[in-house]
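Please read the structure below before turning to the comments.
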There are 2 protein chains.
Amino acid sequence: MKIAVFGTGPAGRTVAAALASQLHSVSIGTRDPAATLARDDRGPDGDRQTFAQWHAHNAEIRLLTFEEAARDAWLVFNLTAGEAVLAALQAAGKPNLADKVLIDVSNALDFSAGFPPSLSISNTDSLAEVIQREFPETKVVKSLNTVNAALMVNPKALAGGDHTIFLSGDDAGAKEIASDLLRAFGWEDIIDLGELSNARGMEMYLPLWVRLMGTLGTANFNIKVVR
Amino acid sequence: MKIAVFGTGPAGRTVAAALASQLHSVSIGTRDPAATLARDDRGPDGDRQTFAQWHAHNAEIRLLTFEEAARDAWLVFNLTAGEAVLAALQAAGKPNLADKVLIDVSNALDFSAGFPPSLSISNTDSLAEVIQREFPETKVVKSLNTVNAALMVNPKALAGGDHTIFLSGDDAGAKEIASDLLRAFGWEDIIDLGELSNARGMEMYLPLWVRLMGTLGTANFNIKVVR
């Protein structure tokens, strides 16, 4: 499948590389490819690569503008940061996203007032619903926003995969395509919560996730719905 | 221990009966005991009892006003509905709650606009923090708000108890007392999230819980934090 991944950070790189390893035709979309290649965004831990270093080892993944990537793709993974989502999608352009599946993995976390973070959209609305209203011809599916990047594409690395991932969306066919991609990553316990308004609950879980990360001292955890 | 349970609904009755079975001295607080005994609040399923019928089988649990119950107790469980919490605690009276542990189990769910519910307090605040600000001399601990009444007091009834309960609060001693009560109910995986502001995450999980209940067709579920 021709897939565009929006987002050049750790999550975008991880998902793009995993999809490419499954022989999908993958591009990464960004605002300005030259600026992305010139950026030194290595993390404090020392082992994170610049985008250019990462891309040199993943040359089969094309680096394109949001517009080029969306035009070429059949499906888009949105892994941009919450505050950058709408600008990225607007740069992609409505016609280039129409009738396509958009898997929205973003979270509208707002750390501006410190810890615990708040959400810039929540409760009676969700980031996924905002996207759906802005792009009514796009088939938005919310998923994967409740785990870190490594677990998104390799759930079996934790407890053999015995934990849960959620999805929600208004288009049944789009959710089936998303479910197939989740299964290809190794997800077995996939709970379809129903229509896209249930993205509210999925996004409102994040403040608990962030605090659990602090308490547990790792992002390598997830929840299992025991029933 | 002398414990007051606020709330005469299914959750209050379940917790009060469980505490009484552990030989605590338990009272149930309500606004107007005579009105509570006269109320016919049986549910549509037919097997739920009126409060008076339930109380006839649990006569060792005293039915008192909020004020009487708080004055007599060393610890209070708040199981009133979200919109009734502050009125109940104000009726109990600040002096009667001072220096006491208050385990707040309530959720500020607002179903007025239908499904999924929103929260009347969330994101940059929580019901538990509102209570703590209103009653600064009371030691508020948030816990048990993420499971249904039956699981609160009998977690081993689901998957042998292999799932997680959270707590948060600003007073370490109060959290230790709350943890002892949780262990007595059978909880083994108890995660202390830290200060009371983390009640935000615990309360913001509820919209996901409510939708999971609908999707799974049961309230007899919980999450396990897999790490």
Side-chain angles (χ1 to χ4, degrees), chain A residues 108-110 112-126 146-147 151 155 158-164 166-168 189 191-227, chain B residues 108-110 112-126 146-147 151 155 158-164 166-168 189 191-227:
Chain A
L109 288 174
D110 177 1
S112 61
F115 216 84
S118 61
L119 299 174
S120 59
I121 300 165
S122 76
N123 203 19
T124 56
D125 202 358
S126 63
T146 54
V147 292
L151 283 180
L158 174 69
D162 188 19
H163 43 96
T164 306
F166 307 102
L167 82 166
S168 62
D189 187 23
I191 296 184
D192 180 353
L193 292 167
E195 62 190 18
L196 193 63
S197 62
N198 293 294
R200 296 174 198 177
M202 295 168 66
E203 297 180 8
M204 290 170 80
Y205 162 71
L206 259 289
L208 181 59
W209 185 92
V210 169
R211 187 59 202 193
L212 278 168
M213 180 181 66
T215 300
L216 301 174
T218 176
N220 192 42
F221 70 91
N222 189 20
I223 55 174
K224 171 186 175 178
V225 177
V226 180
R227 69 274 199 193
Chain B
L109 288 173
D110 177 1
S112 61
F115 218 84
S118 61
L119 298 174
S120 59
I121 301 165
S122 76
N123 204 17
T124 55
D125 202 357
S126 63
T146 54
V147 293
L151 283 179
L158 174 69
D162 187 20
H163 43 95
T164 305
F166 306 102
L167 81 168
S168 62
D189 187 23
I191 296 184
D192 180 353
L193 293 168
E195 61 190 21
L196 193 63
S197 62
N198 293 293
R200 296 175 198 175
M202 296 167 65
E203 296 180 9
M204 290 170 80
Y205 162 71
L206 260 287
L208 181 59
W209 185 91
V210 169
R211 188 57 204 194
L212 278 168
M213 180 180 67
T215 300
L216 302 174
T218 176
N220 192 42
F221 71 90
N222 189 21
I223 55 173
K224 172 185 174 176
V225 176
V226 180
R227 67 276 200 192

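Below, chains carry the letters A, B, ... as their sequence lines are ordered, and counting in each starts from 1.
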* **Candidate pair A:Ser120 and A:Asp110, rule side-chain hydrogen bond (donor to acceptor under 3.5 Å, both in side chains), full reasoning** => CA-CA 6 Å; A:Ser120 59; A:Asp110 177 1; over 6 Å; no
Can you measure from [atom1] ([X]) to [atom2] ([Y]) and round to the nearest 0.5 angstrom?
X	Y	atom1	atom2	result
A:Met202	A:Ser197	CE	OG	11.5 Å
A:Arg200	A:Ser122	CZ	OG	10.0 Å
B:Leu109	B:Leu206	CG	CG	5.0 Å

Side chain from CB out, backbone as N, CA, C, O: work out which of these in [X] comes under 4.5 Å of a heavy atom of chain B, or both, or neither.
X	value
A:Thr218	neither
A:Asn123	both
A:Ile223	both

* Asked: Of all of A:Ala113, A:Pro117, A:Ser118, which one pairs up most often with chain B through heavy atoms under 4.5 Å apart?
  -> A:Ser118
* Top contributor to chain B contacts, counting heavy-atom pairs under 4.5 Å, from A:Thr124, A:Asn220, A:Leu216 ->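 Result: the option with the highest number of such pairs is A:Leu216.
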* Where do A:Phe221 and A:His163 land on the side chain to side chain contact (heavy atoms under 4.5 Å, CB included) test, with the steps shown first? -> CA-CA 9 Å; A:Phe221 70 91; A:His163 43 96; over 6 Å; no
Non-hydrogen atoms of chain A under 4.5 Å away: do they reach the side chain of [X], the backbone, both or neither?
X	answer
B:Leu193	both
B:Thr215	side chain
B:Ile191	side chain

* Reference residue B:Thr164; test side chain to side chain donor-acceptor pair (under 3.5 Å); the match among B:Asn222, B:Asp189, B:Thr146 -> B:Asp189
* Asked: Of the listed residues (B:Gly194, B:Pro207, B:Ser168), which shares the most heavy-atom pairs with chain A below a 4.5 Å separation?
  ->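 Top option by heavy-atom pairs under 4.5 Å: B:Pro207.
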* Pairing of A:Asp162 and B:Lys224 as salt bridge, 4.0 angstrom limit ->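 Judged by the 4.0 Å cut-off on N to carboxylate O distance, A:Asp162 and B:Lys224 do not form a salt bridge.
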